[in-house]
Amino acid sequence: MQQDYQPKSIEAAAQQHWEQTQAFRARKEAGKPKYYCLSMFPYPSGKLHMGHVRNYTIGDVLARWHKMRGYSVLQPMGWDAFGLPAENAAIQNQVPPAKWTDDNIAYMKQQLKSLGFAIDWSRELATCKPDYYKWNQWLFLRMLEKGIAYKKTQVVNWDPVDQTVLANEQVIDGRGWRTGALVEKREIPGYYLGITQYAEELLADLDKLPGWPERVKTMQANWIGKSHGVRFAFKIPDEVGTSLPSPSGGGIEGEGAPSNKNLLWVYTTRADTIMGVTFVAVAAEHPLALYAAQHNKAVAAFVEKCKHVSVMEADMATMEKEGVDTGLKVTHPLTGEQVPVWVGNYVLMGYGEGAVMAVPAHDERDFGFAKKYKLPIKQVIERSAQIGYNKFSDEEKQIFDKFLGDDLTFTADCWQEWYGNKERVVCVNSGKYDGLNYEQAVDAIAADLAAKNLGEKKVQWRLRDWGVSRQRYWGCPIPIIHCDSCGSVPVPDDQLPVKLPEDCVPDGSGNPLHKREDFLNCTCPKCGKPAKRETDTMDTFVDSSWYYARYASGFKSDAMVDEETSYWMPVDQYIGGIEHAILHLLYSRFWTKVMRNLGLVKYDEPFANLLTQGMVLNHIFSRHTDKGGIQYFAPDEVIVERDDTGRITTARAVNDGSTVEYQGIGTMSKSKLNGVDPQALIEQYGADTARFFMMFASPPEQTLEWADSGVEGSHRFLKRVWAFGNALSGKAAGAMPGKLPATLADVRREIHLTLKQANYDLGKQQFNTVASAGMKMLNALEKTLKDEGEGHAAVAHEGFSILLRLLSPICPHITHALWRELGYGEDILTAAWPEPLADALEQDEVELVIQVNGKLRGSLRAPKDADKATLEQMALAHEAVQKQLAGGAAKKVVVVPGRLINVVI
RNA sequence: GCCGGGAUGGCGGAAUUGGUAGACGCGCCGGACUCAAAAUCCGGUGCUGGAGACAGUGUGAGGGUUCGAGUCCCUCUCCCGGCACCA
């Protein structure tokens with residue numbers, strides 16, 4: 001046995017053992033429950049980062065823990081291998097993306113292996129391989145047949161840096177999710193997947209996911225965005241209606257044109273205010289706006305302006321509300337009044353009908369607009385009974401009754417009162433609807449509209465269909481052939497996969513597939529004439545929408561998934577970053593439901609439990625440069641000075657001693673130079689230390705603050721574990737005596753008590769306290785080696801074997817080695833998970849806390865089975881209680897057996 | 001604005017779900033070993049007062065329930081995350 005702890009050789013030996021025994025091959029095992037543990041697969045960017053290490057360690061702890069508890073475990077790994085970084089790297093280094101990707105995979109795989117993860121590598125997959133993406137294409141064709149996939153030309157989000165279209169989900173604050181570039185709008189044809197057809201189910205089934213974090217479910221629910229309202233129409237004069245142009249483009253993934261040209265459809269959630277409509281506002285892209293633009297120069301100019309100004313989604317929210325009168329009038333469906341139509345820059349073409357009814361008295365935006373353009377304002381609801389209207393000043397009341405002058409102000413509080421309380425308002429000035437509350441008014445109004453065939457209640461969704469066409473090379477080809485005579489023709493199944501040429505070297509000027517004649521040219525499957533292939537590739541989120549099901553199946557070449565999938569799926573525990581709360585997780589849920597409806601799988605939801613791990617943070621140091629820029633310093637390039645309390649006060653650069661500002665902590669990032677390379681960590685301390693620190697520093701869902709001293713502390717602990725094993729290895733355990741000396745009984749009790757708590761914490765997935773339980777056990781165990789009492793070796797061996805097993809999911813290598821060295825068994829993986837023993841927990845005397853009026857005043861030891869009356873007497877006799885009583889009597893005594901006695905005086 | 005989650009020593013974080021607040025670790029202080037340093041080991045460490053036993057005080061702020069509140073209820077402040085001209 002090694003004298004000192006040398007992780008390198010220990011870890012290599014353990015990993016070799018696992019490889020030889022094929023320890024992590026997932027198999028159906030009769031009589032065992034299954035456990036499918038999955039971490040989000042990485043993009044092969046080059047090397048692992050700390051986020052990966054944290055993610056996969058969490059997964060590995062769960063997988064190993066379940067394995068030892070008798071589960072049949074599947075923990076696979078693969079590569080999300082299509083995507084833009086490969087193309088960018090290709091442009092920079094003049095290598096084909098395929099080569100770059102394969103090299104990265106090879107390196108990162110070796111890194112993962114060196115961390116000792118219990119992965120079944122026989123199920124490894126990479127999404128850029130034809131045997132995988134063939135099934136993307138195959139399912140896409142099925143969706144095409146079912147009308148779930150379809151083609152349309154629309155205004156889309158365009159990322160000018162990546163030169164591709166982005167789906168709505170992939171635009172964050174008006175910027176591309178990957179590049180951070182400001183997104184532009186472009187009108188481009190592309191393929192869409194009808195995720196909106198599944199909106200209702202995607203929302204409802206969130207309730208079937210009790211194992212998901214609440215916030216992820218809320219984010220998805222918000223994104224799907226269900227709202228209840230009324231869709232209704234204003235009549236457009238016949239001469240206008242018949243000459244309306246078809247909508248060009250429309251909004252992003254919008255719902256297209258109104259069905260009847262003589263009707264102007266709008267959607268509202270506040271139908272109770274319909275009698276207060278004083279104008280209608282339409283989006284600049286709305287057919288009515290385009291029609292008006294043909295006849296009115298001012299409208300034309302405004303429409304043109306909107307096209308160019310509203311490029312950035314981020315600015316939309318803060319933009320000044322502007323508009324222009326079209327001069328057109330439409331007829332109110334209930335009052336028959338003529339209502340002016342305005343074009344408003346605040347109306348979104350992509351949501352609802354691209355047109356809204358405007359009720360300035362009860363909507364803040366409409367109010368601002370009406371005030372600006374001096375449009376009439378008509379009050380039609382009142383906060384119920386006396387508390388509403390009368391609360392406002394005379395000046396404020398005027399607002400609802402007449403035209404507004406510029407001098408009038410309207411306070412924000414006022415809006416709160418009126419707009420925020422739709423449940424507590426009643427209709428006024430609304431004819432037959434007067435006195436009805438919100439619900440009654442909506443029902444009555446919807447019924448009246450329906451009777452005239454001019455409207456009905458409608459559920460509206462925020463979710464849009466998923467645009468999957470990407471104008472990029474390194475992705476899964478969309479299996480379509482364009483024929484001059486037949487149009488867009490699906491590639492027949494027997495011609496799948498449409499293979500992506502792997503030897504292209506992109507030069508940065510568009511999609512290199514356009515120059516690949518051998519890829520482009522083909523024959524039309526319908527008529528046999530020469531035709532061209534589609535060069536767009538699929539969004540890479542398609543690739544990751546079903547990989548978990550492929551892992552779980554037998555990798556058949558003639559089927560997307562097979563029978564085995566039903567055995568392993570759904571994933572019992574999915575682990576990944578919160579950044580995928582909407583994108584990947586929503587797409588995967590949708591894809592699963594499509595596969596289910598096609599009869600491919602039987603489950604409704606792919607991920608039964610979800611753990612979103614926190615990010616890894618580190619200190620940030622920077623200083624302003626002379627030129628006004630910011631220069632960052634890596635944490636190991638600065639020397640930190642602290643005050644008496646340990647707070648960082650100043651920092652100096654190592655190289656020249658100049659002052660550097662401490663910016664606090666933030667996520668590890670390349671630009672801020674505060675990343676820590678896992679490889680360096682593994683080389684210096686070993687994988688077990690890295691794993692232990694990751695688990696110990698913070699609970700999995702929380703952010704983890706990097707601390708070199710913490711890593712050293714973890715390493716110190718493992719060295720102590722090794723040293724203890726060393727000291728114990730020569731000692732025979734001997735039999736456990738029936739009756740241990742008190743000090744040893746206490747140690748043994750502490751071990752089992754700690755184990756009990758640790759097992760509870762594992763169930764909560766709170767691994768930081770499991771790691772600390774290991775430390776506690778060692779602290780207790782170290783006492784046994786100084787104790788010569790009868791049975792001290794027995795207690796030490798029993799305790800150490802518990803400690804090793806408890807720690808093995810976190811530090812599999814050192815525990816593997818010690819388990820063998822001490823002769824506890826051949827393989828710790830096959831050892832039974834430790835459970836606390838009742839006889840170890842038992843004690844003759846218990847310590848009870850004594851409180852007076854809830855304040856701690858002392859403690860006493862009492863026989864474990866002492867009854868309440870005895871305990872009460874003992875407490876009252878206690879000197880601390882006597883002192884507090886000062887001769888008086890206790891009012892009441894509360895006895896909590898096994899815990900405390902509270903004397904009330 | 002709406003939704004979700006937080007706030008505990010110098011720091012990361014515990015608290016058996018209403019029962020000894022601060023486990024475990026880091027840092028710091030003291031000691032042992034050493035010519036010395038590192039490493040290692042031992043002891044101490046919420047704050048205030050006291051040499052000390054001990055006393056007071058203490059989980060963002062204020063109130064409430066309770067024998068007893070970090071934990072439950074009400075009001076408020078601040079922080080983090082998501083969504084947002086969605087009609």
Side-chain angles (χ1 to χ4, degrees), chain A residues 172 213-223 225 227 229 266-270 273 281 316-321 344-348 350-359 363-366 368-369 412 415-416 419-420 460-462 578 581-582 617 642-648 665 693 696-699 701-714 716-717 719-720 723 753-754 756-757 760-761 766 768-776 778-779 782 847-859 890-896 898-905:
Chain A
I172 296 147
E214 209 51 49
R215 63 170 172 160
V216 173
K217 288 191 277 187
T218 328
M219 280 162 75
Q220 292 217 352
N222 284 344
W223 188 263
S227 83
V266 299
Y267 174 76
T268 181
T269 53
R270 293 303 304 267
T273 65
M316 296 275 282
T318 51
M319 216 161 57
E320 173 80 0
K321 283 158 201 57
N345 65 351
Y346 67 96
V347 184
L348 302 173
Y351 183 78
E353 305 293 335
V356 295
M357 70 172 200
V359 183
D363 179 281
E364 195 169 358
R365 285 157 313 180
D366 295 343
F369 196 85
W415 275 118
Q416 268 312 91
Y419 191 63
Q460 186 69 42
W461 303 90
R462 210 189 78 102
I578 184 72
I582 296 173
L617 312 179
R642 293 166 191 272
D643 63 15
D644 297 347
T645 62
R647 278 203 193 94
I648 295 177
I665 46 171
F693 172 71
F696 177 62
S698 156
E701 307 235 56
Q702 279 184 38
T703 54
L704 183 151
E705 285 181 30
W706 192 261
D708 290 329
S709 56
V711 177
E712 278 157 26
S714 300
R716 205 175 296 147
F717 168 66
K719 281 198 284 192
R720 274 172 60 209
L753 215 53
T754 305
K756 190 179 174 191
Q757 181 65 38
Y760 177 77
D761 290 346
Q766 184 174 289
N768 55 328
T769 48
V770 176
S772 84
M775 291 173 150
K776 257 166 134 165
L778 187 64
N779 289 345
E782 281 174 341
E847 183 159 319
L848 290 157
V849 164
I850 297 181
Q851 294 181 339
V852 176
N853 288 343
K855 251 188 181 62
L856 179 68
R857 293 294 173 187
S859 65
K891 243 194 217 165
K892 184 179 176 184
V893 180
V894 180
V895 178
V896 184
R899 285 207 181 277
L900 56 76
I901 304 157
N902 189 15
V903 181
V904 187
I905 62 174

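Scope of the values below: all heavy atoms of this structure, side chains included, with no hydrogens, waters or symmetry mates. Throughout, protein chains are lettered first and strands after them, A, B, ... in sequence-line order, and every chain is numbered starting at 1. Remember, predicted model here, so these are calculated numbers, not experimental data.
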Exercise. Just to confirm, is there a sub-4.0 Å distance from OP1 or OP2 of B/G68 to any side-chain nitrogen or oxygen of A/R899?
Worked result: no
Exercise. Is the shortest side-chain N/O distance from A/R857 to OP1 or OP2 of B/A55 below 4.0 Å?
Worked result: yes
Exercise. Base, sugar-phosphate, or nothing for A/N768, non-hydrogen atoms under 4.0 angstrom?
Worked result: sugar-phosphate
For this session: Could you tell me whether the side chain of A/S698 and the main chain of A/T703 form a donor-acceptor pair under 3.5 Å?
Result: yes
Exercise. When the distance from CG of A/L856 to P of B/G56 is rounded to whole Å, what number comes out?
Worked result: 11 Å
For this session: Check the distance between B/U20's C1' and A/I901's CD1 and give it to me in whole angstrom.
Result: 13 Å
For this session: Pull up the glycosidic torsion of B/G52 and say syn or anti, syn being anything within 90° of 0.
Result: anti
For this session: Let me know the distance between CG of A/D761 and P of B/U16, rounded to the nearest Å.
Result: 9 Å
For this session: Ignoring backbone atoms, test whether A/N222 places a side-chain nitrogen or oxygen under 4.0 Å from the OP1 or OP2 oxygen of B/A84.
Result: no
Exercise. What does A/V896 touch in the nucleic acid at a heavy-atom separation under 4.0 angstrom: a base, only the sugar-phosphate, or nothing?
Worked result: base
Exercise. Tell me: CG of A/L753 to C1' of B/A23, nearest whole Å?
Worked result: 12 Å
Problem set entry | Pairwise P distance, B/U75 and B/C26 [rounded to whole Å] | 43 Å
Exercise. Which listed nucleotide (B/C67, B/U20, B/G4) is nearest to the side chain of A/V849?
Worked result: B/U20
Exercise. Think A/K892 has a side-chain N or O under 4.0 angstrom from the OP1 or OP2 of B/C67?
Worked result: yes
For this session: For B/C24, take OP1 and OP2 only and decide whether either is under 4.0 Å from a side-chain N or O of A/Q766.
Result: no
Problem set entry | P spacing across the pair B/G6 / B/C72, given as an integer number of angstrom | 10 Å
Exercise. Are A/Q702 and B/G13 close enough that a side-chain N or O sits under 4.0 Å from OP1 or OP2?
Worked result: yes
Problem set entry | Minimal non-hydrogen separation, A/D761 against A/T769, with atom names | OD2-OG1, 2.7 Å
For this session: Give one of base, sugar-phosphate or nothing for A/A707, where a contact means two heavy atoms less than 4.0 Å apart.
Result: nothing
Problem set entry | Candidates B/A23, B/A87, B/G19 - which lies nearest the side chain of A/Y351 | B/A87
Problem set entry | Options B/U20, B/C85, B/A87, nucleotide nearest the side-chain atoms of A/Q851 | B/U20
Exercise. Which of these nucleotides, B/C24, B/A87, B/G68, is closest to any side-chain atom of A/N902?
Worked result: B/G68
Exercise. How would you label the contact of A/S859 with the nucleic acid (heavy atoms, under 4.0 Å): base, sugar-phosphate, or nothing?
Worked result: nothing
Exercise. Phosphate oxygens OP1/OP2 of B/G25: is one of them under 4.0 Å from a side-chain N or O of A/N779?
Worked result: yes
For this session: In whole angstrom, give the distance that lies between atom OH of A/Y760 and atom P of B/A23.
Result: 20 Å
Exercise. Side-chain N or O of A/K855 less than 4.0 angstrom from OP1 or OP2 on B/C67?
Worked result: no
For this session: Rounded to whole angstrom, note down the C1' distance from B/U34 over to B/U40.
Result: 12 Å
Problem set entry | N-glycosidic conformation, B/U48 - syn within 90 degrees of 0, else anti | anti
Exercise. What is the distance from CE of A/M775 to P of B/A23, rounded to the nearest Å?
Worked result: 14 Å
For this session: Starting at the 5' end of RNA chain B, write a dot or bracket for each base, bracketing those in Watson-Crick or G-U wobble pairs whose two distances are under 3.5 Å and using | for partners on another strand.
Result: (((((((..(((......[....)))((((((.......))))))((((....))))..(((((..]....))))))))))))....
Problem set entry | Interatomic distance at P, B/U66 relative to B/G13, whole Å | 36 Å
Exercise. Do A/D366 and A/Y346 have side chains that get closer than 4.5 Å, going by heavy atoms?
Worked result: yes
For this session: May I have the distance from A/F693 (atom CZ) to B/G12 (atom C1'), rounded to whole angstrom?
Result: 8 Å
Problem set entry | Length of the line joining A/K776:NZ and B/G22:P, which is rounded to integer Å | 11 Å
Just the table, please: protein N/O against nucleotides 39-45 of chain B N/O, every pair under 3.5 Å.
none

Exercise. Touch check for A/P699, heavy atoms < 4.0 angstrom, all strands: base, sugar-phosphate only, or nothing?
Worked result: sugar-phosphate
Exercise. B/A87 phosphate, OP1 or OP2: any side-chain N/O from A/Y346 under 4.0 angstrom?
Worked result: no
